[in-house]
Amino acid sequence: MKAYNYLLAGLMAACALTSCNDDEFLEEQPRTIYTVDTAFEKSSQVDAAIARAYIGFNYMFGFHNMYVEGAAASNLLAGNGADVIGGGQAYPHMAAGQFSNFMSLNSNTGDFNTLWNELYQLAAEANLVLYGAELVNWNNEAEKAYAIAQARFFRGWAYLRLGECFGGVPIVEEFSEQLKFDYGRNTRQEVYQFAIDDLKAAAAGLPEYPRQAGRAAQGVANHFLAEAYLAQGVETGNNGLYNDAIAAAQKVIAAHPLMTQRFGVRANPMDTGTSGFLGVPNYKEDGNVYYDLFQMGNYDYDEGNTESLMAVQAPTYNQWVADGGNVYMYGVTVGAPYRDFVWNATETQPDSAGPWHDNPNIDMNQFVGGNQGAYLGGTSWGLIGSTDYSDEVVWEGQFSDDIRNSQIVRCDPVVMERTSKHYGEICKKEWLLFPSALMRVSCKIAMQDGWGWDSHHAFAGVQTFCYQYGRDMYVARSAETYLLLAEAYLRAGDQANATAALNTVRQRAQASYMYSSITMRDILDERARELAFEEHRWPTLLRLDKTGGQNPDMKYQLENYTMFTNDLAQDGIVPQWTLFPIPLTVINLNKEAQLEQNPGWN
C-alpha cells in the first residue's frame, strides 16, 4: 500500500491517453483531442501510460464487486466456476445460475467477453508505452530500458493469459490508430512464443527487486516466464522447454526464498501497540508464518517478505480520500452470507432461527458487527466462495495436520446466537437447511479478530465490514514458483526433484505428511492448499493439455469438485471444451475476416 500514490498520479495523466470499451480489441485508439504523437512529449508521460497499464493489470487480481466497481475479469481468472472457488451462496434454488453449471455457458457469456477485452486492453496499453518510448527524449538509456521492460512484462503476461484461456488468438504487436476488422488467429504455439519473448526481455531489463512496492521486477517476470515455458512445452511436446522452465523458476527461488519464520506486523511479542478502530493488539500470539503472509503491512518485499514477487497496492483510507482508486471489497464480494443461514427441520429451535441469523441474540461485544462483522468476514453478498474441495477434500486424512488448515488460517465459524443449543460450537453442515452454503472463513479475505480495520469500513453506511483499506493482494509468491518447478521437473521425467520441490512448500507449512512421489493431480491439490484465493486457477487448468487434447486432469477436477456438481450435488456435464470461447461479439465485429470459434462452443 505504501506506493499507491504513484499509480493514482499516473492514472490522472494516462486517462487522457487511453480508454476502454467493448470494441477495444479492434480499436487501439486513444479518445482524446490530442494525437498520440503530440501526447508523448516527455518521458514522464510515458511513465503515466505505464501507470495506466499497472492499474489495468491490478484490476485482474483480487475479487471485485462488479455491481459497484466494474471489472469482473479477476473473478473468472481466479477460478470462479472451477474446482477451488465458485458462487458464494451455493443454494440449491440458485444452482442454475452457478458459473460451474457449464450447460448455461455459451460464447455470449459476458465474463468471457470481459476477460478477452481486458487482456487485449492491457496489451494495447503496453503497445502504447512501447510506441511512446521511442518518441521522447530520455535523461538516460537506463530509464528508457526500464520503461520498455515494464511494458513488455505486461504484454507478455497478457498474451500468456490469452493463450492459456483462449488458445490461438490474434497477436497485435504494434500500436495503431487505424481501425482493423480482418484479424486472423495465430496458433497457440505462436502466442506462447510471443509471450516468452516478451517475458524474457522483461526479465532482462527489469531490476532484481522492485524499485517501488507494486512495480514489476525480475522475480515476477521470471515466475511467469517459467509458466510460459511450461505451457509451450505442453503445446509443442518439446521437453527441452521444461528445462528452461526449471532454470527460470530457480532464478526466482534464489532471489526470493520462502518465509519460514514468523515475521512482520503481528509477530513481535514485544509490540504492545494496537491497530484499527477496535484497538486490537498488534501481537498475535497464536499466529504462524503462513498467517503472517496475509497481514496488512507484510505483503511487500521491502516490508521484509522475501517470498513476495509482486503485490497489488491498495490505498489506505487517507490515500483513498485524497486520490480515490480501487479498494477491494472482500467483505461484500467473497464469502458466504452467513446471516441468511437457518436451521433445518431437525434442528429447529424455538428461540434461534439460525447460527448467525439474529443480531439481538449475538454478543456484540465478543463479535463486533454481529452477523456482518469481522469474524464472519463482513457483509458478504455471496458472489464468490470456497468449494468443498478447497475447504475439506484437500485436507482429508493424512493432509489435515498443516498450519494452512489451522483455525487461524481457515476458520470453521462457531454458532454465535446465544439462544441456540449449539452456541459456541463449530457449526456443522448437517444442522443447516442448505448445508452446501457453509464455507470456512479464510485469513486471506477476513481480518477476523478486528485488527487493522479502519473505522470507515462500511459500504453505504449499512453494509458493515466491507472495505479493507490498505490491504494489498499478491500477484505472485515464490511458493507458487516452487509448484511450477515441481510441475516442470515432473513433466521432464525427474520424479525425485519434482517431489522435493512440492515437499519444500509442505515443509514450510509444517505439514506432517510428505509425498514420496507425485502426479499432476497432486500438484493441483497442493496449489489449492497453498494458493486458494490467490492463483489464477482457470489459466492453470486450461494450460494442462495441448490444443486438440482432451485435458483429462482439468476435466477430472471439473467433474468431481465444482460447486455445481460436488457441493450442490447437481447433475452437471463435463464440458466438451478445453478452451474458453472466442466471444461472439469479437467474431461479429471482425467482419472482414473469419475468426474460427474454439471447439465445443456454439
Side-chain angles (χ1 to χ4, degrees), residues 1-20 24 28-61 118 121-158 173-175 177 198-199 201-221 224 300-302 309-315 319 322-326 472 475:
M1 63 183 172
K2 294 184 298 184
Y4 181 79
N5 286 336
Y6 84 84
L7 288 177
L8 267 297
L11 174 61
M12 293 171 66
C15 279
L17 299 178
T18 59
S19 63
C20 172
E24 68 263 22
E28 294 186 17
Q29 182 172 353
R31 298 189 175 176
T32 169
I33 61 172
Y34 304 104
T35 68
V36 175
D37 291 345
T38 59
F40 287 111
E41 297 178 344
K42 51 188 177 180
S43 60
S44 62
Q45 292 170 317
V46 177
D47 199 53
I50 293 172
R52 180 65 183 85
Y54 272 102
I55 291 168
F57 177 75
N58 291 351
Y59 262 104
M60 285 184 268
F61 293 85
E118 290 187 17
Q121 179 66 20
L122 179 61
E125 302 283 1
N127 281 337
L128 182 63
V129 172
L130 294 171
Y131 183 85
E134 301 300 332
L135 298 179
V136 302
N137 293 320
W138 295 85
N139 293 330
N140 56 69
E141 286 299 310
E143 288 303 308
K144 178 181 179 181
Y146 179 46
I148 289 172
Q150 291 175 91
R152 295 197 71 175
F153 168 73
F154 289 128
R155 192 174 67 175
W157 183 88
E173 57 184 303
E174 292 183 353
F175 180 81
E177 294 182 275
D198 267 351
L199 291 168
L206 290 169
E208 183 176 12
Y209 298 106
R211 287 191 183 181
Q212 294 171 296
R215 291 242 181 185
Q218 289 178 16
V220 73
F224 288 114
D300 295 316
Y301 181 84
D302 68 357
L309 306 183
M310 185 178 180
V312 173
Q313 303 296 290
Q319 289 170 331
D323 299 310
N326 180 62
D472 299 338
V475 171

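The aromatic rings of Y54 and F154 lie perpendicular to each other, with more than 60° between the two planes, well past the 30° mark. The aromatic rings of W157 and F57 stand perpendicular to each other, their planes meeting at an angle above 60°, with 30° marking the opposite boundary.
Contact between W138 and A147 at its shortest, heavy atoms only, is CH2-CB, 3.7 Å. Scanning all heavy atoms of the two residues, the minimum distance from A151 to A126 falls at O-CB, 3.2 Å. Pairing each heavy atom of A149 with each of G205, the nearest pair is CB-C, 3.6 Å. For A217 against P210, the heavy-atom pair with the smallest separation is CB-N, 3.4 Å.
Note that the CD1 atom of I55 and the CD1 atom of I50 stand 12.5 Å from one another [nearest 0.5 Å]. To the nearest 0.5 Å, atoms NZ (K144) and CD (E141) are separated by 5.5 Å. Interatomic distance, N127 CG to E173 CD, rounded to the nearest 0.5 Å: 8.0 Å. Here the CG-CZ distance, from L309 to F224, works out to 8.0 Å after rounding to the nearest 0.5 Å.
A donor-acceptor contact shorter than 3.5 Å is absent between the side chain of E143 and the backbone of N140. Under the 3.5 Å distance criterion, the side-chain polar atoms of D198 are left unmatched by any main-chain donor or acceptor of F153. At distances below 3.5 Å, at least one donor-acceptor pair connects side-chain atoms of Q313 with backbone N or O atoms of A311.
For the pair E125 and R155, the salt-bridge criterion is not met [side-chain N within less than 4.0 Å of a carboxylate O]. Electrostatic pairing of D47 and R215 counts as a salt bridge here, judged by a charged N lying under 4.0 Å from a carboxylate O.
Taking 4.5 Å as the limit, every side-chain heavy atom of L128 sits out of range of all side-chain heavy atoms of R52. F175 places none of its side-chain heavy atoms less than 4.5 Å from the side chain of L130. Residues Q150 and L206 form a side-chain contact, since some pair of their non-hydrogen atoms from C-beta on lies under 4.5 Å apart.
Screening V220, D472, D300 for a side-chain contact (heavy atoms from CB on, under 4.5 Å) with M310, the sole residue that qualifies is V220.
Residue N137 qualifies as open at atom CG: its count of foreign heavy atoms under 6.0 Å is 12 or below.
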